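Below is one structure; the comments refer to it alone.
The model shown is predicted, which means the values in this text are computed figures rather than measured ones. Residue numbers start from 1 in every chain, and the chains themselves are labelled A, B, ... in the order their sequence lines are given, proteins ahead of strands.
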Number of protein chains: 2
Amino acid sequence: MDALLRRWRIFFPDATNCINLCRKQQQHCRFYHEKKKRLLLSQHFLSMNLREDKLVSQETKMGEMTCKSQRLMLLGGLICPASPGCYHYMPYTVRAMEKLIKVIDREMQVIGGHKVNMPTLCSAKLWRASGRWELMGKELLRLADRHGQEYCLGPTHEEAITDLIASQGLLSYRELPLLLYQITRKFRDEPKPRFGLLRGREFYMKDMYSFDISEEAAYNTYALVCSAYCNIFNSLNLRFVKVQAATGSIGGTMSHEFQLPADIGEDKLMTCTNCDFSVNVELINADQRCCSVCKGELVETKGIEVGHTFFLGTKYSSVFNATFQTSQGKPALAEMGCYGLGVTRILAASIEVLSTEDAIRWPSLIAPYQVCFIPPKKGSKEEEATVLLEGLYDCVAEAVPQLKEDIVLDDRIHLTIGKRLKDVKKLGYPYVIIGGKAALDDPSLFEVWNQNTGENLFLTREAIIDLLSKVPAC
Amino acid sequence: MDALLRRWRIFFPDATNCINLCRKQQQHCRFYHEKKKRLLLSQHFLSMNLREDKLVSQETKMGEMTCKSQRLMLLGGLICPASPGCYHYMPYTVRAMEKLIKVIDREMQVIGGHKVNMPTLCSAKLWRASGRWELMGKELLRLADRHGQEYCLGPTHEEAITDLIASQGLLSYRELPLLLYQITRKFRDEPKPRFGLLRGREFYMKDMYSFDISEEAAYNTYALVCSAYCNIFNSLNLRFVKVQAATGSIGGTMSHEFQLPADIGEDKLMTCTNCDFSVNVELINADQRCCSVCKGELVETKGIEVGHTFFLGTKYSSVFNATFQTSQGKPALAEMGCYGLGVTRILAASIEVLSTEDAIRWPSLIAPYQVCFIPPKKGSKEEEATVLLEGLYDCVAEAVPQLKEDIVLDDRIHLTIGKRLKDVKKLGYPYVIIGGKAALDDPSLFEVWNQNTGENLFLTREAIIDLLSKVPAC
């Protein structure tokens, strides 16, 4: 058991024993009980969706294909279909998304990003100027307002941001690099929306745009943003590949995709077995099996694209005249880059690559809730353990304050522990703590499931608090 | 001076002297200096917009009318026009909005609200079923997708949420009341978009929808949401009036608006001088001057509508068959309410009612940043005060950790203090702290401007930390 506990702790650096702290906390807990306010699973909206029959048939009716993440998110009531490629995000998904946004905000601001928010309605005039009004064809959702003015629903905002910067008058070279980003809903009229949040027609995207004084400075910024993307995927413990990619309708001279390897991925990647070269197959001859860098062997994998960076040069700044004043006092076109992260796609892709067939696994950092406590069934032999488990809940809320809003008590005690365990597995709590027969032993032992490894342990109250105090909070 | 300080403290309950704490913090600060990372105004994107000529002429070109909040937000670079009624929200506005969303989230969750996120694209089929596809006329922005399917861009989501609840299968009466809300971008093709964020075509709204087992229960929920709205406006220190209002295109049998009294308000209200009765003039005879409740005198005021609640009854649940199972096991239609808060409108309306003609005043709780520090001009007689002011900045960051991300150093030291003070007034920091000549006295005195009252004081380092430690953080 000790070895297993040690393995779990590998996820959390600096694991130390804090039993003394726990003892003190236990005394505090006596007072805490009086003002306790527990989060109850029965009060979560999603719990009513824990019925297998209903939602799958609904989605099937809509004629969509399914994949693991879509199936698990529908079963767990995390998303509900509205129209093809458009989903209602239910409360657990909203929580996970808000945590992911915090992670992204932090990394974008570390590299000097300023957060803005641009309109959804993008004027046709700007898109005609860039040539994308025609180029994007049917992928663009278009409309006219009451005065007949034409707009598209922004899939990205290169035109908008470049026009905005141009409208600010001449920037000084001292004000560059300038990095602006937003995290907003985007639109793309996919020919075949499918796989739930992986390929929808409405989705949340983080899009960042950079403005630099020279090509060299712009390359540095490009590398900086790429490293921030690596930090984000690393902090989520997601295995990713950065591959050379085509620039598509966005344009520019260099582009990379961040891909999560997965069988259902729609991108084919060639990865060198000898060096770190990877490339999207769309960029090379499909038969090529020899790495252009080291002549090593290229092997094919599939990936889900979760991020995409573009070196734009002056493609957009020349169209909209986004200039700055050089140190010699002359106007010059800004060198640009743009950088996208699929926010809702990362949520689904994480579930896709981490989960088992019947249990959602979230990246620990962005799980909607971190811990679910399951007390015994009402009227069962172990019923006395209820008070002990509830006491443990209150102690965790007190001793691990960063988890206070992240722990849930499954108070549906008319159901067996087994039935509830099956339910909560669908929802992806990294930890599930059960008060069963062993809780009545002296000392009390609680069954702790680490959902992300599928392992379980019996632990004392102190060991549980020790374990949970190492869980990184978002 | 003491009396003034006491008056300021009235804003913050439980004001006590904590000079001993400050002394200890001063010692700590020595270590803090070494790892300091200050937020610098010169690195804020907006600072380049502090030029009067540019943006006003831009907006005027677009033929829009202006009001105080629109003018101040344009001058301060808080918003930039994109197309009529559509604005880029710049970083300070995004910060204020995110703080306001936190305040709203907290109050919605206290009353049991679950946060969801519904698609922008709303199927014409649902809107035809409710009759609003025709009723809304030109206010609805409409489009067709590549398959010719029609959608509108949701201005509200009664149809969507009711259809969602109906799709969940029969809810149990035990699961009600159910309160779901979202904070998302909404669309309305205003005939005359104007007044900046006060009447735009794209805006952020918090919309909540409630489902209850009976009319009586639904009235209780209605009252609960109204009280949460009162809490929100009170926590923002905004004077508001709750008035009886027409139900308009949303429908239902009862409705109230939350109005901020303001001369530029587009709603005419009649308020009783004798009791707390208030009504939107659209609901009564325009000549009526006698209160229907107490026969007191009605006087006319104007207001900016920032919230609107509707008692819907079964208007939508009957159309979409949103039912629940009663305690007798029979299906019954849910009694509904819906409740809107104009998120971006609250930002602008706050500025409208609180600001002076040349200085933005935010509700303290949601100001983008709480404190701006202005060191002396480079090369001035007071230049030595720079180190003292920077030391104060670092001390505040350490001693008042909840403000650490909310303090800014105006490092544009090539400008005079006077010029910078004029600039920062445009941006609405509740507190501005200046290091001038008096900082070189023993003990050092710093000039502290309370922007929300327009008063200034000279305070010691300890008194400043005492003052700022009472600032409520969001």
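- Smallest separation of non-hydrogen atoms from B:Gly113 and B:Gln109: O-CG, 3.5 Å.
- The residues B:Asp406 and B:Lys99 are annotated as salt-bridged, a charged nitrogen and a carboxylate oxygen being separated by less than 4.0 angstrom.
- To the nearest 0.5 Å, the span separating CD1 on B:Ile101 from CE on B:Met108 amounts to 12.5 Å.
- For chain B, the nearby part of A:Thr184 is the side chain; its heavy atoms alone come within less than 4.5 Å.
- Interface residue A:Ile165: only side-chain heavy atoms are found under 4.5 Å from chain B.
- Among B:Thr93, B:Leu164, B:Thr120, the residue making the largest number of heavy-atom pairs under 4.5 Å with chain A is B:Thr120.
- No side-chain heavy atom of B:Tyr87 sits less than 4.5 Å from a side-chain heavy atom of B:Met73.
- B:Lys186 contributes atom NZ, which lies 6.0 Å from atom NE2 of B:His157 (distance to the nearest 0.5 angstrom).
- Chosen from A:Gly137, A:Ala160, A:Pro191, A:Gly200, the residue pairing most often with chain B at heavy-atom distances under 4.5 Å is A:Pro191.
- B:Arg146 touches chain A through backbone and side chain together, each having a heavy atom under 4.5 Å away.
- Between B:His44 and B:Tyr92, some side-chain heavy-atom pair lies under the 4.5 Å cut-off.
- Only the backbone of B:Glu190 has a heavy atom closer than 4.5 Å to any heavy atom of chain A.
- With a threshold of 4.5 angstrom between heavy atoms, B:Tyr181 does not approach chain A through any atom at all.
- Looking at B:Leu153, only its side chain comes within 4.5 Å of chain A, counting heavy atoms on both sides.
- Comparing B:Glu98, B:Met118, B:Arg185, B:Arg201 by heavy-atom pairs within less than 4.5 Å of chain A, the highest count is held by B:Arg185.
- Annotation: maximal heavy-atom pairing with chain B below 4.5 Å, among A:Leu179, A:Asn117, A:Leu140, A:Val116, occurs at A:Asn117.
- Applying the 6.0 Å contact sphere to CZ of A:Arg174 captures no more than 12 heavy atoms from other residues, nucleotides or ligands.
- Scanning all heavy atoms of the two residues, the minimum distance from A:Thr344 to A:Tyr204 falls at OG1-N, 3.0 Å.
- Interface check for chain A: of the options B:Arg95, B:Lys115, B:Met97, the most heavy-atom pairs under 4.5 Å are formed by B:Lys115.
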